[in-house]
Amino acid sequence: MEFSRSQWELVFLFCAVYVTWGLTDSIQAPFFPIEAEEKGASPSEYGAVFGIIHLAMFVFGPVFGRFMPYLGVYRVFIFGVLGTAACGCLFGVLTYLDNTWAFLGCSYGLRLLEGVAEAGAWSSVLTILSNEFKDHVTYVYSLTQASFGFAEILGPSLGGTLFEYGGFLLPFEFSGILCLLVGLIIIFRLPYLLTHSISNRSSVSSSSETGSKDCLSEEDYQSEVASDAESVESQIVRTKCDKSKKLNESSSAANDYIRLLNSPMVLLALLGTIFSATCQGFIESFLEEYLKIFNLSVTQIGLSFLAMSVPYMIATPLWGWLVDKWVQPELVNPIGHLIIAASLILIGPVDYTTLEPDYLLTLIGLGLIGVGTAATITSTFALAQKHALIMFETSSADGTEDHSSMISGLWTSAFALGNFIGPTAGGPLVTWLGFTGTTPIIQVWALVMAALDCVVLGCSSSKNLFVRKKSALSKPELYEQIS
């Protein structure tokens, strides 16, 4: 990858902050039920604490995507990072609340606020990645997802260890302070890194910018005022352009969302994202109960989660590189869904087979589902970005950033909805059907998604398929039709 030093630093910092977000999101899994039951809460009362953060992300993801141009990407990122860190630290203090309903109420409240903060943080980061790494956004995004996914599954093991040494308070303070420290580093470095990257690209884009004199940018406007004594006319032109732009933006944003949601390819990408996140959320929430039949220790159960997280961490950047360089996301999507369907035969195994439960087969299945979800999550993000950019290819450079924030908000919302559905809907199903009775439902869903991928791909004539151009042009021109 032909990245500058500042871009590599940006990738490293974003991967680091995704690790902290994954830890704050999942670190409480093995010990929160213990604390809640000691406070007098039942599983039905505290169960939704795990999924409600994703419900908040689902609701507020599109909101931040819609208003990102007005709020500012940098300001939204600051809010997201500081809000997530604060909620993580405050959650540990709940151990000092003895009243059951006070404990539950504050738990739900903090998780809701953390979900709002994470929705802003995710949307802002995805917007920055979409605009900063125009030619390699899928690969860079896959690195951040690999970091987040690994931390999400490592979190319970780390949380259990910290809980044994420091009680309920220590895991939350550890993850919250770590999130704060990494976040502050990025907050102070981000303006420099982005400015340095923009200055490196300015010489390439200067020739195309000279022709756009109808609406003056802020920098052009200020320089004209300083250099031209007759700048009144320029100010009038700029004022008219600003007024016209504000009127058009407010009326067109809703139409842009409708256009996105009416696109079969974008809808397919969002549905695939929901499904993949549902798989991850279900396995993370209920695998521990199933593994108890093998008489494993708590440490062994925690290490078993690595069978899914390590392949996921390795496969995600590999799929991202393939999608970025060689394979269209439309082709990777069904491959990922078929791998997930195959993996669910081994995890359990499913009731309709004659296979007996086997720990080694379960670990192999976990590895396959890690590879499969890595493929689908990477390809769905690339698919949504790709067809959104093609749809808005006639937009201006300024509009491109707005559309990137829109699709980033929608994708964040879809990912959060899947993470909410997995543990929330999976609980009653596992209670009613058992773990091995629920996995066939997910398996059928995977096969349906693979069939939809093939139908949409088969119904798309060659004029609707696009590949990346080899030249690094502006984002709306990154793709060209296959002749």
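All of these numbers come straight from a predicted model, not from anything done at the bench. The analysis underlying the following values was restricted to heavy atoms, covering all of them including side chains, and did not include hydrogens, waters or symmetry mates.
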For the student: nearest non-hydrogen atoms of [X] and [Y], plus distance:
| X | Y | result |
| --- | --- | --- |
| Arg75 | Tyr70 | NH2-O, 4.0 Å |
| Pro334 | Cys454 | CB-SG, 4.4 Å |
| Val59 | Val63 | O-CG2, 3.6 Å |
| Thr84 | Cys179 | CG2-SG, 4.1 Å |
| Ile340 | Cys279 | CG2-SG, 4.0 Å |
| Ala269 | Ala384 | CB-N, 3.7 Å |

Answer yes or no: is there a side-chain heavy-atom contact under 4.5 Å between [X] and [Y]?
| X | Y | result |
| --- | --- | --- |
| Asn419 | Phe58 | no |
| Thr376 | Met449 | no |
| Leu13 | Ile185 | yes |
| Leu82 | Ile187 | yes |
| Phe77 | Val73 | no |
| Val332 | Thr378 | no |
| Leu268 | Glu330 | no |
| Leu180 | Leu184 | yes |

> Should Ile283 and Thr373 be marked as a side chain to side chain contact (heavy atoms under 4.5 Å, CB included) after you check the CA-CA gap, both sets of side-chain angles, and the distance that decides it?
Replying inline: CA-CA 12 Å; Ile283 295 297; Thr373 53; over 6 Å; no

Value rounded to 0.5 Å, distance of [atom1] in [X] from [atom2] in [Y]:
| X | Y | atom1 | atom2 | result |
| --- | --- | --- | --- | --- |
| Phe60 | Leu112 | CZ | CG | 8.5 Å |
| Ile177 | Glu173 | CD1 | CD | 5.5 Å |
| Leu306 | Leu363 | CG | CG | 10.0 Å |
| Leu270 | Phe275 | CG | CZ | 15.5 Å |
| Arg189 | Leu10 | CZ | CG | 10.0 Å |
| Leu170 | Thr161 | CG | OG1 | 10.5 Å |

If only atom types and distance count, is the side chain of [X] paired as donor or acceptor with the main-chain N or O of [Y] below 3.5 Å?
| X | Y | value |
| --- | --- | --- |
| Asn333 | Pro329 | no |
| Ser124 | Ala121 | yes |
| Thr316 | Met313 | no |
| Arg111 | Val49 | yes |
| Thr20 | Val17 | yes |
| Ser123 | Gly120 | no |
| Thr380 | Ile377 | yes |
| Ser413 | Leu410 | no |

> Would you find more than 12 non-hydrogen atoms of other residues, nucleotides or ligands less than 6.0 Å from Phe32 atom CZ?
Replying inline: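 Atom CZ in Phe32 is crowded, with more than 12 foreign heavy atoms closer than 6.0 Å.
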
>> Is it true that, when you exclude Tyr74 itself, more than 12 heavy atoms of the residues, nucleotides or ligands shown sit nearer than 6.0 Å to its OH?
In response: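 It does: Tyr74 OH has more than 12 such atoms within range.
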
>> For a side chain to side chain contact (heavy atoms under 4.5 Å, CB included) check, start with the C-alpha distance between Val140 and Glu132, then their side-chain angles and the critical distance, and finish with the verdict.
In response: CA-CA 10 Å; Val140 175; Glu132 179 64 22; over 6 Å; no

> Does the pair Phe381 and Thr273 meet the rule for a side chain to side chain contact (heavy atoms under 4.5 Å, CB included), with working shown?
Replying inline: CA-CA 8 Å; Phe381 177 77; Thr273 303; over 6 Å; no

> Taking atom types as modelled, is there a side-chain donor on Ser379 or Trp319 under 3.5 Å from an acceptor on the other?
Replying inline: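 No.
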
> Given Leu366 and Leu287, is the side chain to side chain contact (heavy atoms under 4.5 Å, CB included) satisfied, shown in steps?
Replying inline: CA-CA 10 Å; Leu366 288 173; Leu287 179 65; 3.7 Å; yes

> Using the benzene-type ring in the case of Trp, are the ring centres of Phe148 and Trp21 under 6.0 Å apart?
Replying inline: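 No, too far apart.
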
> What do you reckon, are the aromatic ring centroids of Trp411 and Phe415 less than 6.0 Å apart?
Replying inline: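 So the answer is yes for these two rings.
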
>> For Tyr139 and Phe3, take the angle between the two ring planes, folded into 0 to 90°, and tell me which bin it lands in: parallel under 30, tilted 30 to 60, perpendicular over 60.
In response: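 Plane angle between 30° and 60°, so tilted.
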
